[in-house]
Amino acid sequence: MMSVEEENKIIDDAYEYLINGYLSSKHRKKVEKIEKAFKFARSAHAGVRRRSGEPYILHPIAVATIVSQEIGLGSTSICAALLHDVVEDTEYSLDDIKAIFGDELVNEGGEKVGEKIANIVDGLTKISGGRFGDKSSIQAENFKKLLMTMSSDIRVIFIKMADRLHNMRTLSSMPPAKQKKIAGETMYIYAPLAHRLGLYAIKTELEDLSFKYEHPTTYKNISDAIAATEVKRNDEFERFSKKIRENLDAEGFSYEFKARVKSCYSIWKKMEKKRIPIEEIYDIYAARIVFECPEGRDENDDCLKIYRMISQLYSTHPDRTRNWLIHSKPNGYRALHMTVMGPDGNWIEVQIRSRQMDYNDEHGNIAHWFYKDNNGEIDEDDQFIKWYKEIEEILKNPEPNVLDFLDSIKLNLYAREIMVFTPTGEMKLMPKDSTVLDFAFLLHSEIGTHCLAAKVNHSLVPLSHKLTSGDQVEIITSQSQRPQPEWSKFVVTSKGKRGLNLALRHIRREAMERGEDQFKLFMKENSVEINNENMARIISFLGLKNKEDLFLSLGMNKIELTPMVLKALKPTSQGLFSKIWRSPFGGGKNTKGHTGESEEKNEKGEEIDKRQIYVLKTEDGKSNYQLANCCHPLPGDDVVGYIDNNNQVVVHKIDCPMATKLKIGFGDRLVETQWSSSREEFLTSVRIEGIDRKGILREIVYIISDHLLINMRRLNVTSNAGVFICEMDIMVEDVDVVNNMCKKLSKVKGVSKAFRQN
């Protein structure tokens, strides 16, 4: 254990590193202000330690260092980062923070430094309750508050990104279940948010760290494979770059040319998408040219000049050129990407950018935009501002369900964009796979709700037509058109989904009001009292769920009230009445909770200690867990347990979309799990693709049934133009059995892929 003197030296060294980095930046030097914040934070956190055992003050110092040196913000942000946990974790208040800095002014507008820093800290401070109710996700509420505060000061979100990055860097000291929750939350929200803000280095590191804790074995395997090929990779890059360097030197360019190894996460995504092992992925690295652009020269012209030079040396891939010079990405990213065939026969991506582009792309051009001298004026055409206006709309009318709310935010964060044009030539950026209906809602909610069809490039198309970059779209509307529930199948943008849901809810509300009026009139005309007993009998007679279902069905003309309904009002046995009564109106055992599961606790269920690893086992034919139907996990998969309202553990694959939502929405219900050794068999699906030949199916079946002794439950084979697809359900003990089977099948002549289906 370290002495007090040793700990103080570590703290002082960390703070000195922060200050030295700040002094070497381009910001105005306000060390005295930072010194005040540091001394106050050090005193407030005195004696407090992190779970790792180190003094707590090292965390805010690390966050401030990331804010300063990796994001590039100034003294106000550094102070806020140093103080970001004071209000939440100590007895001090926002007023105490304001008092530290006295009446020092930020600018000529009269705003005080203390107030500005306190407001940022307030935006970073977690809340204890929210709009989703007592069964809601505090995580979602905190994220909502964070986004709302972002409108008043963008620095809030940058400091939060730094805070999350340092927490991920030190996640090893947390319990396994907490690691899964934080990693899932980071992958679902914070990495996409870093992408949208243009913080590419931080986005990549957050993805990799999340992947490391969610799939530790796979992460290690990929890391080891990358390390094992380093020498070969460096030799290949030297051969590839030699000619390019010679030409750049001849043209007088001052530049930096290096290979950048892709992240473990991005490599794994490619492996999953293509269903291939890492040995078959050849573009593990990308080459990057960063050149100095003298004042007065056009950096775009230099990018194109280098592009033409490389095109003359190596063959270019016709579909892999990306030009973000004139029209940058919505997060401000600017560069020119090309993919060429290297001397070793492998495709290599080359990124071309100026030094200024490189700085903005790595540090987030939005930070630069907000702190340049623009006299307080906001460019309404800035893509970041447009994006944030969409976020503000979601926050004004959030989805009532916490997971739907998070999905709405998610859709705005991480989508590849296409450029679509109005009839007048105005460009609109939309997520890839957007439809005509999405475009209509983008223009205006009224246009969306009355959209009948569209003309895309002067050709008539339906609402479900998917748009591509360069399309010119003219929306055709009709006042008689009304939104239909089936539209939800082909609206993909958050703005489209939100507009459609609001319109459908409005239609539903109107229909329920009409239905209620019809019901009251019917009961009045037949001199029948409206009470719970009569209503329950009518609902049961019509086979409906509750009174809302009754009113809606009446209002939408799905049912009608006839004299036959009156027969349901005849007295019935108390037992039957009780059964009817409990179903639609009872607040007891059949009431559904926010996750769609019964709130009733399993009488035999024991309390689950979330601090301990929960062992998944089956005894006497009874399991202490349930396998999620959405992802069908197997023993050996990386999984996480979710404690439902029945106190039962539902097991999801760690990267299952529903598990991801649960991690961000209900992280306090997660439990770390471990498979017990068992001879139990589980159902899973496998898909085999290849070139058809005589006898190939017989060979496949022999390997599965006779050689590996695996029990097949279903087999479906289709063949078209010499290509076959075989899908089967099999019973296996764990994921290793499936992987071994697929590996053996991949060696069969004619088989191109064999993989487990999700």
Side-chain angles (χ1 to χ4, degrees), residues 180 211 214-222 224-225 268 271-280 613-641 649-656 658-659 672-690 695-717 724-758:
K180 294 285 195 302
F211 178 53
E214 293 198 320
H215 299 278
T217 303
T218 308
Y219 177 86
K220 185 178 185 307
N221 291 340
I222 294 175
D224 291 346
W268 176 73
M271 290 166 59
E272 288 289 294
K273 182 179 180 181
K274 296 189 174 183
R275 301 286 182 180
I276 56 176
I278 191 170
E279 293 78 18
E280 295 182 25
I613 294 177
Y614 187 81
V615 180
L616 306 170
K617 56 189 177 182
T618 301
E619 296 176 348
D620 299 326
K622 294 183 179 179
S623 300
N624 67 342
Y625 62 92
Q626 298 173 15
L627 296 178
N629 292 326
C630 48
C631 56
H632 299 287
L634 294 176
D637 280 331
D638 292 327
V639 296
V640 66
V649 173
V650 181
V651 183
H652 291 264
K653 289 175 68 175
I654 198 74
D655 50 359
C656 163
M658 178 52 69
E672 178 74 0
T673 58
Q674 177 181 311
W675 297 99
S676 66
S677 55
S678 169
R679 303 300 296 176
E680 187 180 3
E681 290 193 329
F682 301 84
L683 185 69
T684 191
S685 297
V686 171
R687 180 182 173 100
I688 306 164
E689 300 175 3
I696 192 170
L697 180 59
R698 183 173 64 249
E699 192 172 342
I700 289 171
V701 171
Y702 170 78
I703 291 174
I704 296 171
S705 297
D706 294 5
H707 182 61
L708 298 174
L709 302 178
I710 293 174
N711 182 18
M712 286 190 294
R713 288 291 183 86
R714 179 184 68 90
L715 181 66
N716 181 43
V717 181
F724 82 92
I725 295 173
C726 175
E727 294 180 320
M728 64 178 70
D729 294 341
I730 56 175
M731 299 297 295
V732 296
E733 293 175 7
D734 55 42
V735 71
D736 289 338
V737 175
V738 184
N739 292 340
N740 180 51
M741 187 191 85
C742 291
K743 189 175 181 180
K744 288 185 179 300
L745 291 175
S746 297
K747 295 179 180 179
V748 173
K749 182 181 178 182
V751 173
S752 58
K753 290 182 182 179
F755 55 90
R756 175 182 165 200
Q757 294 192 112
N758 292 329

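Computation of the quantities below employed the complete heavy-atom set of this structure, encompassing side-chain atoms and omitting hydrogens, waters and symmetry-equivalent molecules. Nothing fancy with the numbering, it's 1 onward along the sequence.
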Any heavy-atom pair between the side chains of E681 and E733 that's under 4.5 Å? yes

Hey, does the side chain of N624 reach the backbone of K617 with a donor-acceptor pair shorter than 3.5 angstrom? yes

So does K753 have more than 12 non-hydrogen atoms from other groups sitting under 6.0 Å from NZ? yes

Tell me if a side-chain donor or acceptor on D734 pairs with a main-chain N or O of V737 at a distance below 3.5 Å. yes

Restricting to ring-ring contact (aromatic ring centres under 6.0 Å, His included), what partner residues turn up for W675, sequence neighbours left out? Y625

On a heavy-atom basis, which atom in M658 and which in C630 lie closest, and how many Å separate them? CB-SG, 4.0 Å

Please check this pair: side chain of H632 against backbone of N629, looking for a donor-acceptor N/O pair closer than 3.5 Å. yes

For E689, the salt bridge (charged side-chain N to carboxylate O under 4.0 Å, His left out) test, sequence neighbours excluded, returns R687

Could you tell me the separation between the NZ atom of K180 and the OG1 atom of T673, rounded to the nearest 0.5 Å? 7.5 Å

Minimum-distance pair of heavy atoms, taken over all atoms of L697 and L715: CD1-CD2, 4.4 Å

Look at the aromatic rings of Y219 and F211 and report parallel, tilted or perpendicular, splitting at 30° and 60°. perpendicular

So which atom in P633 and which in V651 form the shortest heavy-atom distance, rounded to 0.1 Å? CG-O, 3.4 Å

To the nearest 0.5 Å, tell me how far F682 CZ sits from L627 CG. 6.0 Å

Can you tell me how far CD1 of I700 sits from CD1 of I688, rounded to the nearest 0.5 angstrom? 4.5 Å

For A659 against I654, the heavy-atom pair lying closest together: CB-O, 4.2 Å

Which residues pass the side-chain hydrogen bond (donor to acceptor under 3.5 Å, both in side chains) test with D655, not counting sequence neighbours? none

Determine, step by step, whether M741 and V732 satisfy the side-chain contact (heavy atoms from CB on, under 4.5 Å) criterion, reporting the C-alpha distance in whole Å, the side-chain angles of both residues, the deciding distance to 0.1 Å, and the verdict. CA-CA 10 Å; M741 187 191 85; V732 296; over 6 Å; no

Taking only residues two or more places apart in sequence or in another chain, which ones pass side-chain hydrogen bond (donor to acceptor under 3.5 Å, both in side chains) with R713? none

Hey, could you give me the CD1/NZ distance between I703 and K744, rounded to the nearest 0.5 Å? 8.0 Å

Any side-chain heavy-atom pair from L683 and M731 closer than 4.5 angstrom? yes

Smallest heavy-atom separation, M712 atom then S705 atom, equals CE-OG, 3.4 Å

Could you tell me which residues satisfy side-chain hydrogen bond (donor to acceptor under 3.5 Å, both in side chains) with K220, sequence neighbours excluded, listed by chain and number? D224

Just verifying a value: how many Å separate D638 CG and T217 OG1, rounded to the nearest 0.5 Å? 6.0 Å

Measure the shortest side-chain to side-chain distance between V735 and K653 over non-hydrogen atoms and say whether it is less than 4.5 angstrom. no

Do any N or O atoms from the side chain of S676 and from the backbone of L616 form a donor-acceptor pair under 3.5 angstrom? yes

Heavy-atom pair with the smallest gap, counting every atom of C742 and A754: CB-O, 3.3 Å

Who pairs with R698 by side-chain hydrogen bond (donor to acceptor under 3.5 Å, both in side chains), at least two apart in sequence or on another chain? none

State, yes or no, whether a side-chain contact exists between I278 and M271 at a heavy-atom distance under 4.5 Å. yes

Nearest 0.5 Å, please: how far is CZ in R756 from CZ in R275? 9.5 Å

